[in-house]
Amino acid sequence: MLHTVNKSPFQTNSLETCLRFARASHSVLLFEDGIYGALKGTRLESLITDSLKSYSIYVLVPDVEARGMRIGDVIDGVKPVDYAGFVDLAAENTVQAWL
Amino acid sequence: MLHTVNKSPFQTNSLETCLRFARASHSVLLFEDGIYGALKGTRLESLITDSLKSYSIYVLVPDVEARGMRIGDVIDGVKPVDYAGFVDLAAENTVQAWL
Amino acid sequence: MEDEVIKKFLYVNRKAPYGTIYALESLEVVLIGAAFDQDVSLAFIDDGVYQLKKDQKTSVDSGIGMKDFSKTYLALGDYDVNKIYVDKASLDERGLTADDLMELVYEDEDDDYKEKSSISIVNQDELALLMEQQDVVLSF
Amino acid sequence: MEDEVIKKFLYVNRKAPYGTIYALESLEVVLIGAAFDQDVSLAFIDDGVYQLKKDQKTSVDSGIGMKDFSKTYLALGDYDVNKIYVDKASLDERGLTADDLMELVYEDEDDDYKEKSSISIVNQDELALLMEQQDVVLSF
Amino acid sequence: MKFGILVNEGPYQHQASDSAYQFTKAALEKGHEIFRVFFYHDGVYNASRLLVPPQDDRHIANRWSALSKEYKLDLVVCIAAAQRRGMLDENEAKRQGKDAHNIAEGFHISGLGQLIEAGIQSERLVVFGD
Amino acid sequence: MKFGILVNEGPYQHQASDSAYQFTKAALEKGHEIFRVFFYHDGVYNASRLLVPPQDDRHIANRWSALSKEYKLDLVVCIAAAQRRGMLDENEAKRQGKDAHNIAEGFHISGLGQLIEAGIQSERLVVFGD
């Protein structure tokens, strides 16, 4: 199962709820304003680093770069993908969007 | 100054930020999905009861009733208003919307 | 053959009614979808649980000037949409219980048409398992 | 006389760029508003602080397929929009500092056209005071 | 008192336009003046003449038009936001070489300066959005 | 693999339509099939033929139309959501007694059943919204 989150975790509760329902073997993709959850040094960093122990988290690089961040700003262990990588993830899993 | 909040405090951080900037002598109006912050018995009830010590909080009754709640479900001390009351509050204060 | 495939559809509702149209237009999809004989479940999570609050009261000419569409949920049972899952944690943090929700029921044709509740209040592990079993998840 | 009124306008920006259009269209109001010779301030709070992040990189033909509009903030000084307040708590919880933001400057005509920073990083009491002094608050 | 109103969201999807309407109506009924209602962002969609809501639902554009007629309300749609979103009046359609236009009676298209002017001339500006 | 795509927000205001477009394009370029793109809620506004975005910006409706032409994409606009929001094709305009219509080339209006069918016939349904 692929969970997608497109909202900033500072603005809405989508990421928080998504992580409540994500399970081992699932994947989570952060894109659009959701990429803010994947960044180092924020108040929410531990939410992600803890989650990485249980399942894979991906971040959409074009959304990261548009917002002035670079791969180096992303938490270690979060895997970078482009739109083609997003497609691959969706092909491998049923997709649940946390809007 | 009148602060208006139209989002559910469970979904977004608008109420939380609003309360961070509200000051004594200000007023806060909860309307639309913002009315959920004014209800008794929620996880966030103390956020409102604490705030009531410093400033006035209002809730728009038509929005409360539409959502299946009644005045009795509203935290004691939060003042009910209708649209005319909303107009009065806006006439008395500069308005800042926390969208 | 392909047309006879039965898939598991889950509608995930996480937004409050009236503040946005998602609740209403999600319900419209569910009603149309009911004609397709798929295996349909509805989940209400976060502010989505407020959609099922009883005693909603507004009309085009009073209140907030929008019609009360909550009665439509009561018809779901007649459309054979009777697997309605409500996240317990979401109810809890809002101070709500089953008593605050509308009574959504259906007649069980396998059990002498007895009237049964369509609503199951579930914990997050049960809901996570339900999600994993789906073919299609429509989020609103 | 009425046309010569100078009012205090505050633009409050609380949303991230690109995910929604509010940042871009807010900036369009500020630029048009600059022609009206009012007393203009901008506040960046919550995800709004991300609007000022330097190194934004996208174009219609690459990245997310949207143009990078962040360069427009650099022009604000030329429009005499030079009171830009950034909420420190919002930066802090995002792990950002002044160094992460674009350098927005203006030439101070009262001080031999020296180049000065338009950005003030302020705490919430300073920002609350600023809000209280306004005549018009436009929120995006 | 003189109010200015800013509507930032389109009809039906968000309650913003409904709340703005109820506020505006209540203000007028109390004898206040509404200097202008300005439609910005997706708010420009409120000005569509082509809405066909279900029969038992409110007609958001007509409701604004009717209020405008009754109280001589100034309903202004931001031209930049409207162009981007496909809301055009007859003049704009001609100018842009488009074969149709869709602005309802009572609304007119103008620049963002009209919003700033509403801020200056009104004693209060009230914003309704998402 | 066969994908279905659901777009729940209008052009420009939210990134949903942009992300859906980039996803759809990437999927097609990888050789996947797109069974249908369904526009619901404010997503129906993506189908407007009247958009006039700034010259240096993307044209969201044209971009979808072009992709539809290149790959024979099925772009379906929900009729109920479209009526409510003033998005009409020529037939609908006639039927509703409206004097204009605004649907762009490549899009067509149909019922919500087309969304359910996309769920049934596609191996994956991917939702883009707010």
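These numbers come from a predicted model, not from an experiment. So you know, we letter chains A, B, ... as the sequences are listed, proteins then strands, and number each from 1.
- Between B:Phe21 and D:Asp87 the shortest side-chain heavy-atom distance falls below 4.5 Å.
- By the neighbour-count criterion of 12 heavy atoms within 6.0 Å, atom OH of B:Tyr55 is densely surrounded, having more than that number from other residues, nucleotides or ligands.
- By the neighbour-count criterion of 12 heavy atoms within 6.0 Å, atom NZ of D:Lys114 is sparsely surrounded, having that number or fewer from other residues, nucleotides or ligands.
- Of the atoms belonging to D:Leu129, not a single heavy atom falls under 4.5 Å from chain B.
- Between B:Thr17 and D:Ile45, the shortest heavy-atom distance links the atoms CG2-CG2, 3.9 Å.
- Taken to the nearest 0.5 Å, the CE atom of D:Met131 stands 7.5 Å off from the NE2 atom of B:His3.
- The shortest side-chain heavy-atom distance between D:Glu132 and B:Thr94 does not fall under the 4.5 Å cut-off.
- B:Arg20 and D:Ala89 make their closest contact through NH1-CB, 3.6 Å (heavy atoms, listed as atom of the first residue, atom of the second, distance).
- Comparing D:Lys15, D:Gln134, D:Gln124 by how many heavy-atom pairs each has under 4.5 Å with chain B, the most go to D:Gln124.
- More than 12 heavy-atom neighbours from other residues, nucleotides or ligands sit within 6.0 angstrom of CD on D:Gln133.
- Interface summary for chain B: among D:Val136, D:Asp125, D:Leu138, the most heavy-atom pairs under 4.5 angstrom belong to D:Asp125.
- Taking a 6.0 Å sphere around CD of B:Glu45, one finds it holds more than 12 heavy atoms contributed by other residues, nucleotides or ligands.
- D:Ser139 contributes no side-chain N or O that, together with a main-chain N or O of B:Leu99, makes up a donor-acceptor pair within less than 3.5 Å.
- The closest side-chain heavy-atom distance from B:Asn13 to D:Asp46 is below 4.5 Å.
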